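Predicted model, so just to flag it, every value in this text is computed and none were measured. Chain identifiers are assigned alphabetically (A, B, ...) following the order of the sequence lines, protein sequences preceding nucleic acid strands; residue numbering begins at 1 within each chain.
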Amino acid sequence: MTNLSDFTPNEMMTIAAARALSNDDVCFVGIGAPSAACNVARLTHAPDITLIYESGTIGTAPNVLPLSIGDGELCETAVTTVSVPEMFRYWLQGGRISIGFLGAAQLDRFGNINTTVIGDYHKPKVRLPGGGGAPEIASSCKQVFITMKQATRGMVEKIDFYTSFGHGEGGNHRERLGIKTKGPTLLITDLAIWKPDPETKEFTVVSMHRGVTRDKVQETCGWKARFSDRLEETPPPSELELTTLRELQARTEKAHGGKKGN
Amino acid sequence: MTNLSDFTPNEMMTIAAARALSNDDVCFVGIGAPSAACNVARLTHAPDITLIYESGTIGTAPNVLPLSIGDGELCETAVTTVSVPEMFRYWLQGGRISIGFLGAAQLDRFGNINTTVIGDYHKPKVRLPGGGGAPEIASSCKQVFITMKQATRGMVEKIDFYTSFGHGEGGNHRERLGIKTKGPTLLITDLAIWKPDPETKEFTVVSMHRGVTRDKVQETCGWKARFSDRLEETPPPSELELTTLRELQARTEKAHGGKKGN
Amino acid sequence: MAKFQSLKEAVAENLRDGDVVAFEGFTHLIPHAAAHEAIRQGRKDLTLIRMTPDIVYDQMIGMGLAKKVIFSYAGNPGVGLLRRMRDAIENSWPRGIETEEHSHASMANAYEAGAAGLPCAVFRGYRGAGLKEVNPNIRSVTCPFTGEELAAVPAHRPDVAFVHAQKANRRGDVLVEGIIGVQKEAVLAAKRSVVTVEEIVEDFDDLHPNLCILPHWTVTSIVHVPGGAHPSYTHGYYDRDNAAYLEWDKISADRDLFSAWIKENVLEVGPEAFAGRVKGL
Amino acid sequence: MAKFQSLKEAVAENLRDGDVVAFEGFTHLIPHAAAHEAIRQGRKDLTLIRMTPDIVYDQMIGMGLAKKVIFSYAGNPGVGLLRRMRDAIENSWPRGIETEEHSHASMANAYEAGAAGLPCAVFRGYRGAGLKEVNPNIRSVTCPFTGEELAAVPAHRPDVAFVHAQKANRRGDVLVEGIIGVQKEAVLAAKRSVVTVEEIVEDFDDLHPNLCILPHWTVTSIVHVPGGAHPSYTHGYYDRDNAAYLEWDKISADRDLFSAWIKENVLEVGPEAFAGRVKGL
């Protein structure tokens, strides 16, 4: 039986993200925590959720987590698989995605994200992979959920590069740029759940995971963290949630560890 | 056995058009004479010719002539069938078509075509079907072949509406509009074969079908017809050509005459 | 999220007076049964979008449902002219209609742009063509890299799209195959969509991954109408009723003959009549 | 008109020093065998286009073939960074490279526009994003109907595209299935194209009509290379070699290890080695 008391912060993050998803959602899924969260949601409370990976696979139901955005199982279990231009034109730009997931190398308090470079763009200290789908995921999905592990290196006062636009300088900055979608509405970390303030759009801690203190949240965050007046404790993983996640990861481990080319 | 001496002007027109096609051509085919010509070419000297119908069927080889641009047999015998937006974007606009066929309700000496209205556009005497694919067939195909039966009503001094652009006012008018394709390079009628003059781009009779006189050509043409200095006689249909066309039409008649809904 | 409904309910809930509507199908899969239901329910002041208005719009226009038609080829394919549409344009019978005319390339691009959520379609078109002189919705943009002038037209964003397809599964996913035309684009471009299908099956388990499928959450309403494309055809089910297209040329040539035909074949019957019409095809 | 050739001939005839080239395949069907042949033939000063440069371009960049890379995501999918590409950008080893960076949407649209024969792609993108400040090839056009500002990027028109596919028939038609990515667009956008395939069959008689097929007259050269996508995969033939992607992270971390790996696995073997690599996958 699952030991409910020893869940990890990562597990809590994934499960908290899964809970934020519903049966009617159409999710643009990235690899890693978002993929785990979406599939836990599908295997628990949201069996009819639609998962889309940018490789063109629409309505997939993988039995194990994909290692890449275009694993064969995503196609095999999909309702349909379309070309990548169609994916970005009809499905993402067409406004059909309710929730897009983004991760971040650097994140600021307004949900702006950098995954491009550390340092100057033209003379980078570290050349990161870049945006991929992120710039348009950030503007075309109805809402954006961000998942990341808290660290002062990642949650910074000022990001080095605007890979994707969150709430900019806050307030109605999105509207001023003619962006009609809501942008980041949820930040789920290994320590807490954050939501943008309705007015300023600054991320505010609305719930801390069990055992997490305000100090811990602040120590791992590079900006001065704001806490909601009605701060809650995130309900710990249920047995179903934790078992589902762990079994999914065990199946994934087994499936991907096995085969190797000559 | 085929009686070679009693071929009709229509048959001569279709066969003359078929002869102008080669194995390497990729043809954008319309219904009627063009469809018959392309399929006669395919069944005689150009077995590998690629026939494309605007319904999305690429590389079709119908056993009978389609009654509509989207008959089921076109799809069943095609190498592949794509969506109509893809047809117009990747295949026509993409510059992959070597020869586009056009017919005309009105045609002028420079290959400009009207199939839109007789009379004023906003108060038409006769509302014709309109251009369909013609405006972009005329500009995107490498060459355009025109087929029509000669009549003063159809071959006119001035067309009422520019459904599709041929050589405009002649000369380098296409280039001046930034059109990079050759435009109409061949006009095949029931009486003669016409080609544009290399300089003026005015259609000039280069070959008359057997038994046709200059007077007959002029009587059925609303502009003053020019004749090439090296006017030829169109070789009459060969037995293979005529048999192939007649058998194709007999198969077509049989296939389409038979079934009827309740 | 697709609802399974009767055709009467689907048209009543999704098509309103004054709507901009597309009944699409490129020769193949033309949603005749749905159009007949719209005629029976007497919708008014519709703006009809369709590449080839065809006899399906000839019937709707002849019955006075349309105030405007946006189109690119107004013919009876393989037969000739559309006589009811001409009567409306030339003689305002039974009412005058406005027309907005494009090329096929333009219409196909406008649907594509609608599905892609763009305000306009950009393509290389209308060079030297007369339509851009008479249609103020044909404009241009300049390529910021080459300076080339490209045509631009507004994206199609119909209030509702009607299409016919081979089958739906119980979840409401729809399979369209064969000559797929602009149907996927029309459905994705529209605010609401109604799909009539030949067949409803339990699931789609063994389909090839790259087929044209409309997931259930892109479709508003699904209606089971066997034969619902007649006299057009459904690949894998029945052939085109070419004789009916020829016959239409005669029926539509005369106002009284037309009205009598509509009374007998549309007003006094329901969608269940279509199954019988495709027997033997 | 497709020619059937050896990989050596196909690369020699179609890829020249200084070419703009796309090796495409979105996770699936990445043409590794063709890239290795380009390395063996020592092509120089290439401009490499690819949405996800991936380990296939990491190898080419590490061997100094590239002068410029046009891309949207420079990672080892599911693993991490591209260490050879970083070394070239950060330390100019073995040579400096220029980069032109886009988003996925932008790259996909640029291929689409290339296939469509347009000079530029128009889409809704880069709102508030930093790339448009650093990439002069991200510009805009204004919708002439709504006034909305849309992003514009130049169409991709590579000199040559390399893709891998499931099969070709004897006429030279090519079938691509599963995750089809941008391969059709890359081939149609390119002046020349080389397709490596798992299998050559007599004909395609029983294929569904709506599959992704490149007709023979759109392809320049076809090469039979079983396993030619390894360590990527071919749907219906073999799975992805995930271990090889993980291993690459170590190999590519060290210049000497990298050079030794290339010598052993690329320079001293030929395309026939690929068939063995996918055994057991």
Select, from [options], the one with the greatest count of heavy-atom pairs under 4.5 Å involving chain B.
| options | value |
| --- | --- |
| C:G128, C:A273, C:G78 | C:G128 |
| C:L82, C:I180, C:N76 | C:I180 |
| C:P77, C:C212, C:S103, C:A129 | C:S103 |

What part of [X] gets closer than 4.5 Å to chain C, counting heavy atoms only: side chain, backbone, both or neither?
| X | answer |
| --- | --- |
| B:V82 | backbone |
| B:K123 | neither |
| B:F88 | side chain |
| B:Q93 | both |
| B:E73 | neither |
| B:N112 | neither |

Donor-acceptor pairs under 3.5 angstrom involving side-chain atoms of residues 167-174 of chain B: please list them, not counting sequence neighbours.
residue	atom	partner	partner atom	Å
B:H167	NE2	B:P184	O	2.8
B:N172	OD1	B:R176	NE	3.0
B:H173	ND1	B:E169	N	2.8
B:R174	NE	B:T181	O	3.1
B:R174	NH1	B:F165	O	3.4
B:R174	NH1	B:G166	O	2.7
B:R174	NH2	B:A138	O	2.9
B:R174	NH2	B:T181	OG1	2.8

Tell me, please, which residues at least two apart from B:F203 pass ring pair (Phe, Tyr, Trp, His ring centres under 6.0 Å).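 Ring pair (Phe, Tyr, Trp, His ring centres under 6.0 Å) list for B:F203, sorted by chain: empty.
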Among all residues two or more places apart in sequence or in another chain, which pass the ring pair (Phe, Tyr, Trp, His ring centres under 6.0 Å) test with C:Y233?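 For C:Y233 the ring pair (Phe, Tyr, Trp, His ring centres under 6.0 Å) partners, ignoring immediate neighbours, are C:H28.
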Taking all atoms of both residues into account, what is the closest heavy-atom pair of [X] and [Y], and its distance?
| X | Y | result |
| --- | --- | --- |
| B:T81 | B:T57 | OG1-CG2, 3.7 Å |
| B:L248 | B:A36 | CD2-O, 4.2 Å |
| C:P231 | C:A244 | CB-CB, 3.6 Å |
| B:T115 | B:A105 | CG2-N, 3.7 Å |
| B:D71 | C:T27 | N-CG2, 4.4 Å |

Heavy-atom pairs under 4.5 Å with chain C, option from [options] with the top count:
| options | result |
| --- | --- |
| B:C75, B:G56, B:P135 | B:C75 |
| B:P66, B:G32, B:S68 | B:S68 |
| B:L67, B:T163, B:I137 | B:L67 |

So for C:M51, is it side chain, backbone, both, or neither that comes closer than 4.5 Å to the heavy atoms of chain B?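 The side chain, not the backbone.
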Of the backbone (N, CA, C, O) and the side chain (C-beta and beyond), which part of C:F71 lies under 4.5 Å from a heavy atom of chain B, both, or neither?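 When you check distances to chain B, only side chain atoms of C:F71 fall under 4.5 Å.
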Part of residues 86-96 of chain C lying next to chain B, heavy-atom separation under 4.5 Å: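 Near chain B, by residue number: C:R86, C:I89, C:E90.
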Could [X] and [Y] be called an ion pair, given the rule that one side-chain N must be under 4.0 Å from one carboxylate O?
| X | Y | result |
| --- | --- | --- |
| B:K158 | B:D108 | no |
| C:R127 | C:E148 | yes |
| B:E175 | B:K180 | no |
| B:E136 | B:R89 | no |

Ring centers of C:F26, C:H104 separated by less than 6.0 Å: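 Yes, the ring of C:F26 comes within the 6.0 Å limit of the ring of C:H104, centre to centre.
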